[in-house]
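To start, the structure itself, in C-alpha cells.
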Number of protein chains: 2
Amino acid sequence: MYDLILKNIARFIQLTPDETDRFTSIIKTRTLRKRQYLVQAGDVFRYECFVNKGALRIYHIDNNGQERIVNFAFEGWWTGDMYSFLSGQPALYNVDALEDCELLMIEKNNLEQLYIDIPKFDRFFRILLQNAYIAMQRRISDGMSLSAEQRYIDFLNRYPQFEQRLTLRQIASYLGITPESLSRIRRQRMSKN
Amino acid sequence: MYDLILKNIARFIQLTPDETDRFTSIIKTRTLRKRQYLVQAGDVFRYECFVNKGALRIYHIDNNGQERIVNFAFEGWWTGDMYSFLSGQPALYNVDALEDCELLMIEKNNLEQLYIDIPKFDRFFRILLQNAYIAMQRRISDGMSLSAEQRYIDFLNRYPQFEQRLTLRQIASYLGITPESLSRIRRQRMSKN
DNA sequence: AAAAAACATTAACCTATGGTAAGGGTAGGC
DNA sequence: GCCTACCCTTACCATAGGTTAATGTTTTTT
C-alpha cells in the first residue's frame, strides 16, 4: 500500500523505521471513481495528496466557460490545491479523476505537526517544490516561445507514456489550444510524414 | 545591510541571535551595474541570491533569437537559476541587472550545511517555494486563458509600483507579446478612456 | 557634443489559431 | 440493445497578434 509513496520520499530523505511508522500513521486513503471530484474550486481543501494509482487533472474554468487544464497528476505525483492548503481560503482550481484513482492524503494539521516532529519533511517538500519550480518555469517559457505544434511535440517527447491515457481534448486543454486546433495539427503532421 | 533579508526570513521562521549570526556569516555581497550579467545560460551557477537593492530579469533566448523574460526580481525577491543550483548543470536562463543592484548571495555548499545545522531553513525555503508555486501556477493558467490586453491589465494591477521601472519592451517580453503589440494595446486603451 | 545604438510608435499586411457548424464514431446509462 | 451525450474530424470564416518597415525619440558611447 505504502510502497510507492515511501519510495517517492526515499528519493530525497531517509527515514528510520519509527519515522516511517509515524508518517504512515497520518496517511488517509481515498478512492475516486472516474469523473469524481477531489477538489472543487471554491471549497476549502486541506490535504496534500499523493497519487498511488490512476490519473487526475487540475483545471479551472476561464471567462469563456472553457475548461483549462493546468496540470495532470499520475501515479507517483503529488496534487491538491496549494493555495487553499496554505491559506485556508477557497480553492482556485478543480481537481478530478480521469481514471479510477487511489490516493494517499495528508491533512494539513497532521502535516504541520509532522514538520515540527520530523524536520526532514520540511526538507522533503522543499526539494519536491524546487523540482516543481523548475518544471513550471519551463512551462511558462515554452508557452511564450513555442508554437502550438512545437508544444505538442514537446509534450509527446516528455510524456510518451501518458499520451494514450489522455483524450485529444485533454491534451489540447493542457497545451492551451482548442481540440479543433490539435486535430488540425495532428492531420498536418500525418501528411508531412 | 542585512535588515531586508532578515525581515524577509522572519516572515516564516524565527531565528535566535546565534542562528542569525551563523546565517549572516555565509552571506556574500555583490554589486552589479546595470546590464551586468549575474548568470549566463550555459554557465554553472551555484548561488541563491536575494535582491537587496535594484532589479533584475530572468530570461532566455528563443529559437527566433527573441529575448523572453520569464520573470523579474526586485528588492526583497530571491533569484538565481534553480536548475543549475540544484543539478550542478549549466544554467537554463540568463539573469542580468535592469538597474544597479546589490545582492546577498549564498553559495550552495554553505546553504546545504546550513540546512543540516539549522533545519528551520529547510522550512523557510519550503514556504518560499510554496508561494512561488502558487504564483507560477497562476501565470500558467493566465497565459492560457487571457488575451494579451487582459494579461497587461492584470500586470498593471499586480505590480503598479514596478511599471515605471520597466520599459515597454521588457513588459511586452514578460507578457509574451511583441513590443509592437503592447504599443497597440496601449493606444487602444487610451482611445477607449 | 556628436555619433551610434536602442527604444517607442504607427501602419499595412500576414498567419496561426479561435469560433462555429455539421457529420460520423464511440461509450456509458437505462 | 438502444439512446443520449460526448468525442473527433473537417471546413469555412474571423481575429488577435506577429512581421516588416519607416519615422522620430531617447539613451548610451565615444
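Every chain is numbered from 1, with letters handed out A, B, ... down the list of sequences.
We find that CD1 of A:I185 is positioned 15 Å from C1' of D:dT10, with the value rounded to whole Å. The nearest whole Å value for the distance from the CD1 atom in B:I171 to the C1' atom in C:dC7 is 13 Å. What separates CG of A:N63 from P of D:dA16 is a distance of 15 Å, to the nearest Å. Across the protein-nucleic acid pair, B:R186 atom CZ and C:dC7 atom C1' stand 12 Å apart, rounded to whole Å. Between the CD1 atom of A:I177 and the P atom of C:dG19 there is a distance of 12 Å, given to the nearest Å. B:Q170 places its CD atom 18 Å from the P atom of D:dT26, with the value rounded to the nearest Å. In this structure, the CD atom of B:Q188 is 13 Å from the C1' atom of C:dA11, given to the nearest Å. Taking atom CD of A:E180 as the reference point, atom P of C:dA21 lies 12 Å away to the nearest angstrom.
The B:A148 side chain lies nearest to D:dG17 when the options are C:dT17, D:dG17, D:dT10. In the set D:dG17, D:dT9, C:dT10, C:dT10 carries the atom at the smallest distance from any side-chain atom of B:S183. With C:dC7, D:dA11, C:dT9 as the choices, the nucleotide that has an atom nearest any side-chain atom of A:R187 turns out to be D:dA11.
Around the CZ atom of A:R11, the shell of radius 6.0 Å holds more than 12 heavy atoms that belong to other residues, nucleotides or ligands.
Residue B:R35 is classed as a sugar-phosphate contact, given heavy-atom separations below 4.0 Å to backbone atoms only. Using a 4.0 Å heavy-atom cutoff across all strands shown, B:T167 reaches sugar-phosphate atoms only and no base atom. Using a 4.0 Å heavy-atom distance criterion, B:K34 is classed as a sugar-phosphate-only contact.
Contact annotation: B:T178 reaches the phosphate of D:dG18 (side-chain N/O to OP1 or OP2, under 4.0 Å). Distances shorter than 4.0 Å separate some side-chain N or O of A:S181 from OP1 or OP2 on C:dG18.
Applying side chain to side chain donor-acceptor pair (under 3.5 Å) to A:N52 and the options A:E102, A:E75, A:R30 leaves one that passes, A:E102.
Aromatic pair A:Y174/A:F155: centroids less than 6.0 angstrom apart.
Relative orientation of the A:F121 and A:F125 rings is tilted, given thresholds of 30° and 60° on the angle between their planes.
In terms of heavy atoms, B:L38 sits closest to B:L32 at CB-CD1, 3.8 Å.
Side-chain N/O atoms of B:R184 and base N/O atoms of D:dG18 include a donor-acceptor pair closer than 3.5 Å.
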